[in-house]
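For this chain, numbers begin at 1 and follow the sequence in order. Whatever order the structure lists ligands and atoms in, that order sets their numbers, starting from 1.
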Amino acid sequence: MILFVAISVLFWQLTSVVAMVDSHGAKNPFERIDTHSHFVPPFYRDESVKYGYGKPDGMPGIPAWTEEAHLEMMRKANITKSILSITSPGTHLVPGNDALARNLTRRCNEFAANLKRRHPDKFGFWASLPLPDVEGSLAEIDYALNVLNADGVAILTNAHGVYLGNTVLGPIFEALNKRNATIFIHPTSPCLQHGGTSQIVAPLTQYPNPMFEFFFDTARTVVDMFVSGTIDRSPNVTIILSHAGGAITPLVARFSEFATSILGLPVKISTESVKKAFRTQFFFDLAGFVFPDQIHGLLPYVDASRILYGSDYPYTPESGVLGIVEDMNQELPQVFKDLHSQKAIYKENAMEILRA
Ligand SMILES: *[C@@H]1O[C@H](CO)[C@@H](O)[C@H](O)[C@H]1NC(C)=O
Ligand SMILES: *[C@@H]1O[C@H](CO)[C@@H](O)[C@H](O)[C@H]1NC(C)=O
Ligand SMILES: *[C@@H]1O[C@H](CO)[C@@H](O)[C@H](O)[C@H]1NC(C)=O
Ligand SMILES: *[C@@H]1O[C@H](CO)[C@@H](O)[C@H](O)[C@H]1NC(C)=O
């Protein structure tokens, strides 16, 4: 018995040493960079409540958030770095009120930049944009990337009903493409524009939209980006899709073949070209309940080199993050058997796309 324990301890020490001197330099194979993580500055909460978003997307409320609690969650979940963003409904709260949106966007971005300045090893951020205000967003792209040192931008799947293939957003993608920027695409509630106004439209109002509408809205906007030619015109942007791409993956052949064979649209897309874009330009994060099943819908399209870890904290509370992390520790190695792939997903892929 004692011999067995001694051998076990020895074995454990040896494997620890091997892990520590591993050529990829990561001491712990389960260290993570979290590219899907949110912050809720107090003034953002106040403005959200003031303008009718106290129960965002049909959820019961806006979760509590502090810098200290975030760092504590990171410590428990072995997250070495969190890339923060403002989640749905974003920073353009009142349709038509661009001045309010520019102000709130700037304050959120300054707040995140301050966190990154004080904890450069712990925090990065995807800057918010006041979309659908194009002029304000162009100014914010400059300021956030040049002055605030954002790691990229966060864009919601639609901005008051403007989906991401809309031609009015042409200048935005042109500006981001020129800078080789990273765009973190996060879902929001589906929205319809009519007669100069816009309205959230989710037929089954008894369910909060993050439950499944978010996945449909992700699919909707990604289809729009490909079929409108936005992706084709923006070869230098890197795009991160939340939640393993939501509902997009089973639709790839459907929308690309439909667009060309059935509609005869003059757009250069095919199942193969979309797959190639996924393999070269897109990343997919693991936020949510991606294991054990959803991950298999992604694997025909991309390998471990295009997958990122995401927690969705604090909209997934700390207990949920830790539960999912424990499950992922078990499930991920069953799908990605080699340590190299596991580390790529947890940390190294993210290091490639983050700015210093
Ligand atoms: C965090 O890393 C330690 C090793 O340093 C490991 O024992 C523990 O299981 C990890 N925790 C999680 C939640 O991955
Ligand atoms: C936002 O608006 C407030 C109130 O008008 C003002 O005091 C503040 O300077 C503005 N902040 C930015 C970043 O524009
Ligand atoms: C994109 O990057 C390529 C190099 O990979 C460069 O030749 C091209 O000019 C860039 N395109 C745009 C629109 O910035
Ligand atoms: C964008 O990337 C291309 C290589 O892919 C490089 O040639 C170009 O200088 C980069 N542009 C910027 C603004 O970083």
> Are H36 and Y309 close enough that their ring centers fall under 6.0 Å?
Replying inline: no

> If you round to the nearest 0.5 Å, how far is NZ of K268 from CD1 of I231?
Replying inline: 13.5 Å

> For atom 14 (O) of ligand 2, is the nearest protein heavy atom under 4.0 Å away?
Replying inline: yes

> Quick one: does NZ or CZ of R306 land under 6.0 Å from the six-membered ring centre of F284, within 45 degrees of the ring axis?
Replying inline: no

> Using heavy atoms and a threshold below 4.0 Å, how should the contact between R32 and ligand 1 be classified: side chain, backbone, both, or neither?
Replying inline: side chain

> Once you round to the nearest 0.5 Å, how far does OG1 of T221 lie from CZ of F216?
Replying inline: 15.5 Å

> Looking only at heavy atoms, is any part of E326 under 4.0 Å from ligand 1, and if so is it the side chain, the backbone, or both, or is it neither?
Replying inline: side chain

> Evaluating non-hydrogen atoms only, which member of N177, V237, L145, N180 is closest to atom 1 (C) of ligand 4?
Replying inline: N180

>> Suppose I only count heavy atoms of K178 and a 4.0 Å limit; which atoms of ligand 4 are within that range?
In response: 13 (C)

>> Could you check whether atom 5 (O) of ligand 2 has a protein contact, counting only heavy atoms that fall below 4.0 angstrom?
In response: no

> Who gets closest to atom 2 (O) of ligand 2 by heavy atom: N109, N103, T105?
Replying inline: N103

>> Strictly by ring-ring contact (aromatic ring centres under 6.0 Å, His included), give each pair with a member in residues 319-339 just once, sequence neighbours left out.
In response: none

> Counting each atom of ligand 2 from 1 as listed, which ones have a heavy atom of R106 under 4.0 Å away?
Replying inline: 13 (C)

> Which option out of N78, L322, I79 puts a heavy atom nearest to atom 11 (N) of ligand 1?
Replying inline: N78

> So, S311 versus D34: side-chain donor-acceptor pair below 3.5 Å or not?
Replying inline: yes

>> Can you list everything that forms a ring pair (Phe, Tyr, Trp, His ring centres under 6.0 Å) with Y207? Sequence neighbours excluded, please.
In response: F212

